[in-house]
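No experiment lies behind these values; they were computed from the predicted model shown.
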Amino acid sequence: MSVVLKIKEVTAVAINQLYGIDLLPVDILVNATKPEFEGDYTVVLFAFIKQLKKSPDALGQELGDHITTENQHLFTSFNVIKGFLNLTVADNYWLHFIGDQYKNISFGCAPANGQKVMVEYSSPNTNKPLHLGHLRNNFLGRSIAEILKANGNEVIKTCIVNDRGIHICKSMIAWEMFANGATPASTHTKGDHFVGDYYVKFNDEYKKEIDVLKTQGKTQEEAEKEAPVMKATQQMLLDWEAGKPSVMELWSRMNSWVYEGFDATYKRIGSDFDKTYYESNTYLLGKDLVETGLAKGVFFQKTDGSVWIDLTADGLDEKLVRRKDGTSVYITQDIGLAEQKQKEFNAGQSIYVVGDEQNYHFKVLKLICQKLGLPSADGMYHLSYGMVELPTGKMKSREGTVVDADDLVDEMINIAKQKTEELGKVKDFTSQELEELYNTIGLGALKFFLLRVDPKKKMVFNPEESIDFHGFTGPFIQYTHARIKSILRKSGTIQKQETGNEQLGTALLPLEKELAIHLEMFPVILNDAATEHDPSKVAIYIFNLAKIFNSFYTEHSIGNAETEEKKILRLQLSQLTAQVIKTGMNVLGINVPERM
RNA sequence: GGACCGGUAGCUCAGCUGGAUAGAGCACAAACCUUCUAAGCUUGGGGUCAUUGGUUCGAAUCCAAUCCGGUUCACCA
């Protein structure tokens, strides 16, 4: 149990014993004490003074007295300033904690809780390569999955590939028109980029044809409808749905190129899935649920035959679930897929990592599933994240301002290489070890950059400045880890651990204590990150930990400490810090090097 | 127009279940490598927390209004 929780419990007990009032520990506010005051943790008393009819000062004194005398093993002193009760935690508490945990490689992680969670992320279109926005999605999805695992959940990672539809046909038509049989192999192009190029070519051609039609006196709208490439594309979609062999052949051929490209990218960035769904297999799902909904009266039919759900009572609009021609729409297949996933995996919670432009969609989706009484409905959670924007605004493929994922990863790895060579600290590494190190640092910088901000918020990426390697960054934390490992290598294994740290006797110095306090918070942080679906909580925490360690490192000698006891203590602190950094970075999907 | 999200230092972001004098990083200025990795440490300047009003012992945080920016409300996916 964390100290903070203990303080809350002890305070609740004290208030009960002193004043006979029952309070829940959760209702008691405990903060870290501000540096300018004496103490480690602070109980904020204002909330109780009315109920207890005491002055803040009197209440603080009585509570402080009671709490410290009843829990002498936990607190050494207290002081009261205004309505704040500042408690100083006994050094022995921290010594015990360090001694108990420094060898625990799964410190912070919870045992299996028997719960199953699905995380759907990545979900690409097969008509263009991945860009910076997809990277945020992939890193978030992977990270939230790891965070949930660390908290004891069984996690199933899934991906729904958008491999059909009008946009895919656009690439196919353009390829037929312009490629002369070219392939990724014949042009030495990565498959997803190859296909993406034809998607661009389609749009160029489409624009041209529209312009021509407009000079012939058509309106924009007419021209858009009548352009021959667009007509051909629509015909191709119909042919695809009818299963026309030549179209199916081209479709699967082009998709296979894209998958080859995606696989390469996924492998580099560390995305993987336990189960991949393809829309070409799932787009007809949910049709039967429309009938169910009609029978239940959840849906209604308009005179033209189209089927709708009325969500106006929930503050939303009417939503179409089946077209008048009997074909289903996007949301219908999502309902069907939700049901399918439930049948297949029966997870208690299902997390969808999808951009915030689909907030409305997911609100509607969950509501419909609830109204249909699907067992998966209540466990649906949309992990909504903001767009990654450029200083000039949104990325636009039409204006060529999209930051390509492969290019960016290459660039980051290159910068890592350049900086590593400049510093020249690992000249004895083999070329293979160097490659691995550049990957670790480059991807570490990129992942940390995208995960350190609250997922819900949109963020800005400035390609001009590239991504920093100093300060609040992945490499800074990786560097801290490498530094600690260097010390541990040089200092050998820790002796005397059997004696128990409380007997080490020496009082903790301020930075030693600050480190211990921070380390002790890790399990709570990991748990918060899971319940709030927010990896940035871990990123910020790890950064602060690394900062404290670096101050500690500069101020105190570890390997050559003043006494043997101090040396042991500091080595234990260092080892636990390295362990927490490693675990914390790993749940962000980031590796930490032994040397850099 | 309705709904939802955001506006905190020059820039990028924390803090938002109300608590002590609003914090980091970058950038800028200064000091620190005969001793455990300087991708580091220390110090300094830098703020009308969009605006106005309200709630109260106390508001960046909650409420209302206004301004600015974004997303969304397709028989698109």
Side-chain angles (χ1 to χ4, degrees), chain A residues 26-27 29 31 33-34 36-37 42 44-47 49-50 56 81-84 86 125 162 164-168 279 283 302 304-308 315-325 327-331 333-334 355-361 363-364 384 386-387 389 391 393-394 416 419-420 422-423 425-426 441 445 449 452-454 456-462 465 468-480 482-491 536-537 539-540 543-544 546-547 549-561 570-571 574 595-596:
Chain A
V26 279
D27 294 326
L29 180 62
N31 293 333
T33 303
K34 300 253 172 197
E36 56 267 38
F37 302 101
T42 298
V44 183
L45 304 171
F46 298 103
I49 55 175
K50 251 183 202 159
I81 297 168
K82 295 191 205 167
F84 300 94
N86 301 319
N125 287 337
N162 186 344
R164 62 163 289 278
I166 193 83
H167 49 294
I168 311 295
E279 270 192 32
Y283 81 108
K302 290 195 177 175
D304 65 1
S306 58
V307 180
W308 299 72
L316 306 176
D317 301 296
E318 286 186 353
K319 180 81 188 172
L320 178 90
V321 294
R322 190 173 73 192
R323 298 189 184 97
K324 66 182 174 200
D325 64 6
T327 57
S328 61
V329 290
Y330 187 65
I331 199 156
Q333 75 167 279
D334 269 359
D356 62 6
E357 67 227 331
Q358 294 199 40
N359 284 353
Y360 180 78
H361 173 80
K363 210 186 257 186
V364 170
S384 163
M387 297 293 105
E389 296 181 0
K394 290 188 70 176
K419 300 217 175 205
T420 303
E422 276 170 21
L423 292 167
K425 292 179 180 178
V426 287
I441 297 172
F449 178 82
R452 70 178 194 184
V453 312
D454 185 344
K456 290 192 293 290
K457 298 191 178 171
K458 68 179 182 194
M459 60 183 295
V460 175
F461 169 77
N462 189 343
E465 294 173 3
D468 219 311
F469 280 50
H470 303 270
F472 186 17
T473 68
F476 168 84
I477 296 163
Q478 291 172 321
Y479 172 73
T480 307
R483 255 183 159 181
I484 297 173
K485 286 301 182 146
S486 171
I487 296 168
L488 295 177
R489 276 193 301 273
K490 286 180 179 162
S491 302
S536 75
K537 293 269 186 297
I540 292 165
F543 168 63
N544 285 322
K547 249 196 333 183
F549 181 85
N550 281 320
S551 298
F552 161 77
Y553 172 94
T554 310
E555 187 72 21
H556 303 297
S557 185
I558 297 165
N560 299 310
R570 288 178 191 163
L571 283 171
S574 301
R595 289 177 58 194
M596 68 185 274

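- Following rounding to the nearest Å, A:I49 (CD1) and B:G19 (P) show an atom-to-atom distance of 15 Å.
- Applying the 4.0 Å criterion to OP1 and OP2 of B:C76, one finds that A:K319 has every side-chain N and O outside that range.
- For the OP1/OP2 pair of B:U37 and a distance below 4.0 Å, the side-chain nitrogens and oxygens of A:S486 include at least one atom meeting the criterion.
- A donor and an acceptor atom never sit less than 3.5 Å apart when one is taken from the side chain of A:S536 and the other from the base of B:A14.
- OP1 or OP2 of B:U42 lies within a sub-4.0 Å distance of a side-chain N or O belonging to A:S551.
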In sequence, state the C-alpha distance, the side-chain angles, and the governing distance for A:D468 and A:T473, and then conclude on side chain to side chain donor-acceptor pair (under 3.5 Å).
-> CA-CA 7 Å; A:D468 219 311; A:T473 68; over 6 Å; no
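- What separates CD1 of A:I168 from P of B:C76 is a distance of 17 Å, to the nearest Å.
- In this structure, A:N359 atom CG and B:U71 atom C1' are separated by 8 Å, rounded to whole Å.
- Where A:T473 and A:L320 meet RNA chain B, the nucleotide closest to each residue was compared, and A:T473 sits on the side nearer the 5' end.
- Under the 4.0 Å criterion applied to side-chain N and carboxylate O atoms, A:K456 and A:D454 are assigned as salt-bridge partners.
- The shortest distance between the side-chain N/O atoms of A:H361 and the OP1/OP2 oxygens of B:U72 is not below 4.0 Å.
- For B:C41, the OP1/OP2 oxygens have no side-chain nitrogen or oxygen of A:R483 closer than 4.0 Å.
- Between A:F549 and A:F552, the distance separating the two ring centers is shorter than 6.0 angstrom.
- Between the CZ atom of A:F37 and the P atom of B:A20 there is a distance of 9 Å, rounded to whole Å.
- Between A:R322 atom CZ and B:A74 atom C1' the separation is 19 Å, expressed in whole Å.
- Panel note: side chain A:S306, backbone A:K302; no donor-acceptor pair is recorded below 3.5 Å.
- Applying the 3.5 Å distance criterion, the base of B:C36 shares no donor-acceptor pair with the side chain of A:S491.
- Remark: the A:N544 side chain and the B:A14 base include no donor-acceptor N/O pair separated by less than 3.5 Å.
- Comparing A:K490 and A:V453 by the nucleotide of RNA chain B that holds the closest heavy atom to each, the one mapping nearer the 5' end is A:V453.
- Judged by Watson-Crick or G-U wobble contacts below 3.5 Å, the nucleotide B:A27 has no partner.
- The separation between A:Y553 atom OH and B:C36 atom P is 7 Å, rounded to whole Å.
- Applying the 4.0 Å criterion to OP1 and OP2 of B:C57, one finds that A:K50 has a side-chain N or O inside that range.
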Would A:D317 and A:Y360 satisfy side chain to side chain donor-acceptor pair (under 3.5 Å), going step by step from the backbone distance to the final call?
-> CA-CA 10 Å; A:D317 301 296; A:Y360 180 78; 3.3 Å; yes
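- If you take OH of A:Y360 and P of B:U71, they are 17 Å apart, rounded to a whole angstrom.
- Base pairing analysis places B:C62 opposite B:G54; the two distances defining the Watson-Crick or G-U wobble pair are each below 3.5 Å.
- Checking B:G70, B:C57, B:A14 against every side-chain atom of A:K394, the shortest atom distance belongs to B:G70.
- Across all strands shown, B:G1 pairs with B:C73; the Watson-Crick or G-U wobble distances both stay below 3.5 Å.
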